[in-house]
Amino acid sequence: MKIQIKKIISKSLFALVLGCMSQNVKSEPFHWNAFELKVSPEEVTKLYELLDETFSIDDKPFKITLNEIIFSDRDTTHNLVISSSDVDAISSIMSDEYKAERESFLAKLHELAEVKSKFTGVRTFTTNIPESGSDTKAANSYIAIWEMEIKPADASKFVKSFMKIVPKTEDIRTNHILGMGTYQFGRGKATHYVLHTFTSYSDLKNSLDAYMQKGVMAEHFNQIKDISTPAGNSVTKIIKQW
């Protein structure tokens, strides 16, 4: 049975203002909740069918994305992400109004997958925003994510350094998204993340090589080496977004 989400009337965009943003970076913050899953091969099709049955809803104010984990230092096979630029849409899913529907879906999810972790955050800016929004993801594309721990006092220094590389590397990112955001709850010591989309695995490898040939990257890494502690990284492949 599909979750019947009532139309969200009140729309609010949670905006974060970041300093040192160039004209080449468009800010369109959105919120997300993520579930890291361990799914046995025989249950993957059933998981896909559950999501297709539950979330094939027209005009819903959020997106659901199922990703396959390609590389990770965690014991997971997939992740499931709920995202929206409307914080009220995320709040509505967590409200008592949809408690029965939410618990029914989660019960079915737990039958098919082991939920290894749950965490939430906000992406504060994105480059090359698709017409359908920052959180749009194309099926069969790849996403690389780098997680880091940064103390609050050093966050502005990290942002300032990172934003400098954006206009100087835009020639590598034709139709690719580069984004940055923060974790709010559930991700351990990790406080920030950077992500990049790629059209294929070979595109990922070639693009990373191209980035490393840019002197601005070495300058950036040198500037953040004392304020940023790596906290994990992963590569995922988009299966479908509803």
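This one's a predicted model, so the numbers in the text were calculated from it and none came from an experiment. Positions are given from 1 along the sequence.
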Task: Passing option when L178 is tested against I172, T126, L195, V194 for side-chain contact (heavy atoms from CB on, under 4.5 Å) - done: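 Exactly one pass, corresponding to V194.
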Open item on the list: For the residue pair T76 / E36, report whether a side-chain donor-acceptor contact shorter than 3.5 Å exists.
Closed with: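 Note: E36 and T76 side chains miss the donor-acceptor criterion.
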Task: Pair Y211-H196, side-chain donor/acceptor within less than 3.5 Å - done: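 Note: Y211 and H196 side chains meet the donor-acceptor criterion.
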Open item on the list: Ring centres under 6.0 Å, that's the criterion: do H192 and Y183 meet it?
Closed with: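 Centroid separation for H192 and Y183: 6.0 Å or greater.
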Open item on the list: Please tell me whether W32 and F119 form a close aromatic pair, meaning their ring centres lie under 6.0 Å apart.
Closed with: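 Yes, ring centres under 6.0 Å apart.
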TODO: Mind checking side-chain hydrogen bond (donor to acceptor under 3.5 Å, both in side chains) for T229 and listing every partner two or more places apart, or none if nothing turns up?
DONE: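 So T229 forms no side-chain hydrogen bond (donor to acceptor under 3.5 Å, both in side chains) with any residue.
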Task: Partner set under side-chain hydrogen bond (donor to acceptor under 3.5 Å, both in side chains) for K118, not counting sequence neighbours - done: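 By the side-chain hydrogen bond (donor to acceptor under 3.5 Å, both in side chains) rule, K118 matches no residue at all.
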Task: Shared hydrophobic cluster for I69 and I238 (ILVMFWY, side-chain gaps under 4.5 Å) - done: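 Different hydrophobic clusters.
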TODO: Decide whether F62 and F105 are clustered together by the hydrophobic rule: side chain heavy atoms of Ile, Leu, Val, Met, Phe, Trp, Tyr closer than 4.5 Å, transitively.
DONE: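 Yes; tracing contacts between hydrophobic side chains, which count when under 4.5 Å, links both residues.
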- [ ] For residues K240 and D52, determine if any side-chain heavy atom of one lies less than 4.5 Å from a side-chain heavy atom of the other.
- [x]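 Yes; the side chains approach each other to less than 4.5 Å.
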Task: Least distance between heavy atoms, F55 atom then W242 atom - done: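 Answer, listing the atom of F55 first, then W242: O-CB, 3.8 Å.
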Open item on the list: Could you report the tightest heavy-atom contact between S84 and A89, atom names first, then the distance?
Closed with: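 So the two residues come closest at OG-CB, 3.7 Å.
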Closer than 4.0 angstrom, basic N to acidic O: yes or no for [X] and [Y]?
X: D135; Y: R123; answer: no
X: D226; Y: K157; answer: no
X: E170; Y: R173; answer: no
X: E97; Y: K99; answer: no

Open item on the list: Rounded to the nearest 0.5 Å, what separates atom CG in N67 from atom OG1 in T77?
Closed with: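 Here the interatomic distance stands at 11.0 Å.
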Task: Heavy-atom donor-acceptor pair, H176 side chain to T174 backbone, under 3.5 Å - done: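 Yes, H176 side chain to T174 backbone: donor-acceptor pair under 3.5 Å.
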- [ ] Could you walk me through whether E149 and T191 pass side chain to side chain donor-acceptor pair (under 3.5 Å), step by step?
- [x] CA-CA 5 Å; E149 178 187 7; T191 60; over 6 Å; no
